[in-house]
Amino acid sequence: GFLLPNAVLEREGLMEKKGFPESYDTPLLLRFLTDIKAGHGPVKAPVYSHLVYDVVLGETVELEVNPADELGRLAASFNAMAAGIKDREQRITAMALTDQETGLANRRAFEDALAGAEGRIVAVIGVERYPQVRAALGYHLTSVMIGEIGRRLETLCPGSTPARLSSDRLSVLLSAADIDAAGPEIAALLTDLERPMSLQGVAVDVAFTVGLAMVDADLVIPAVERASIALDQARAEGRKIAAFDPAAYGDPASKLSLM
């Protein structure tokens, strides 16, 4: 049984620990409690004599486990609590990976997805005139607009989960095999993405600028950051689409040394 007899306690030098966790056979005790919690009966428990203050070797008591009894109710409550904890953890995880305003994946979820996307092309899509659009539409309708852009991307880029990186930037993985092929793919995508949309009866024209970068774990700057920089480079040059230009960006280490 799960109670160690005095002979074992003396041999192991545990007599002074009698009654403490060390004086139990922990695996057998855990199995005993697990069987009770699960309603697997009958279960057997060792007999302890207060006349000799030792385990009565060879004797056990057999317990029927009835899920309706107190232990059964306790087990049922424990199972319900465990299920509740699991459900809450799933909701918390979903919240941590979701943009709460739009329901789209967020930056963390997108970056997690890049772990298995070596060699794929990341497109960061910036909404043009975002401050003016938000001032005209208001906070709520602007969030609706971003959500609609994300859903269009889901349709246009099957197999990729678009994400909202920031208030005015979204990201998506392209199917193109390299940067050269990504340019025509994103140009064709923008034709459909920039179709006017109606938001609760309000007609809205949308325009975008796109930065591209390849996922490469060997580079210091992550792909999402490089694609975001490429978006800024495209805007600075008055271009619609641009791939990350490391020469124009310079050496990140030298930039840090000047700070």
Side-chain angles (χ1 to χ4, degrees), residues 99 102 104-134 142 145-197 199 204-255:
D99 177 62
T102 62
L104 299 173
N106 62 13
R107 185 188 187 105
R108 177 182 171 185
F110 189 75
E111 289 177 340
D112 287 348
L114 296 185
E118 189 75 10
R120 298 281 300 276
I121 306 300
V122 171
V124 171
I125 302 167
V127 180
E128 293 303 299
R129 302 178 295 109
Y130 181 80
Q132 292 84 353
V133 172
R134 185 172 60 183
T142 302
M145 179 190 74
I146 296 295
E148 176 60 26
I149 294 169
R151 281 178 282 279
R152 285 187 178 184
L153 285 171
E154 288 177 348
T155 301
L156 296 170
C157 302
S160 178
T161 301
R164 187 182 191 184
L165 301 181
S166 62
S167 58
D168 64 341
R169 296 190 179 199
L170 297 93
S171 60
V172 70
L173 275 173
L174 301 180
S175 60
D178 53 46
I179 288 290
D180 291 337
E185 179 181 347
I186 198 69
L189 182 147
L190 287 179
T191 300
D192 289 325
L193 195 63
E194 291 185 333
R195 287 184 292 105
M197 62 179 66
L199 304 174
V204 180
D205 291 322
V206 287
F208 305 97
T209 300
V210 182
L212 303 172
M214 178 178 288
V215 179
D216 187 341
D218 293 332
L219 297 180
V220 175
I221 306 175
V224 173
E225 291 296 332
R226 285 184 282 114
S228 293
I229 294 168
L231 169 58
D232 294 333
Q233 291 174 336
R235 284 173 170 168
E237 297 170 6
R239 299 165 60 189
K240 191 76 171 174
I241 304 166
F244 174 69
D245 184 348
Y249 183 64
D251 180 11
S254 65
K255 294 178 185 292

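Just so it is clear, the structure is predicted and the values come from calculations on it, not from any experiment.
We find that Arg129 and Asp205 are not joined by a salt bridge, their nearest charged nitrogen and carboxylate oxygen being 4.0 Å or further apart. The existence of a salt bridge linking Arg107 and Glu225 is confirmed by a sub-4.0 Å separation between a basic side-chain nitrogen and an acidic carboxylate oxygen.
Listed for the Glu111 side chain is no donor-acceptor partner under 3.5 Å among the backbone atoms of Val224. Arg226 places no side-chain N or O within 3.5 Å of a backbone atom of Leu219 that could act as its donor or acceptor partner. With Arg195 contributing its side chain and Asp192 its backbone, the two residues share a donor-acceptor pair below 3.5 Å.
With values rounded to the nearest 0.5 angstrom, Ile121 atom CD1 is found 7.5 Å from Leu212 atom CG. Considering CG of Leu231 and CZ of Arg239, their distance stands at 12.0 Å, rounded to 0.5 Å. Taken from CZ in Phe208 to CG in Asp168, the straight-line distance is 11.0 Å, to the nearest 0.5 Å. To the nearest 0.5 Å, the span separating CG on Leu153 from CG on Leu173 amounts to 11.5 Å. For the atom pair CZ (Arg151) and CD1 (Ile146), the distance works out to 10.5 Å, reported to the nearest 0.5 Å. To the nearest 0.5 angstrom, Ile149 atom CD1 is 4.5 Å from Met197 atom CE.
Of all heavy-atom pairs between Gly150 and Pro162, the closest is O-CG, 3.6 Å. In plain terms, the two heavy atoms of Ala223 and Val215 that are nearest each other are CB-CA, 3.8 Å. Nearest heavy-atom pair, Gln233 versus Ala248, reported as atom, atom and distance to 0.1 Å: NE2-CB, 3.9 Å. Between Met145 and Val204, the closest heavy-atom pair is SD-CG1, 4.1 Å. Of all the heavy atoms in Ala213 and Ala227, the pair that sits closest is CB-N, 3.6 Å. When every heavy atom of Asp178 is checked against every heavy atom of Ala181, the shortest pair comes out as OD1-N, 2.8 Å.
Counting heavy atoms from C-beta on, the side chains of Thr142 and Tyr130 come closer than 4.5 Å.
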Stepwise side-chain contact (heavy atoms from CB on, under 4.5 Å) check, Ile125 with Arg169
CA-CA 6 Å; Ile125 302 167; Arg169 296 190 179 199; over 6 Å; no
side-chain contact (heavy atoms from CB on, under 4.5 Å), that's the test. Do Val122 and Phe110 meet it? Break it down for me.
CA-CA 10 Å; Val122 171; Phe110 189 75; 3.9 Å; yes
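Of the options Leu193, Val127, Thr102, Leu165, a side-chain contact (heavy atoms from CB on, under 4.5 Å) to Leu170 is made by Val127 and by none of the others.
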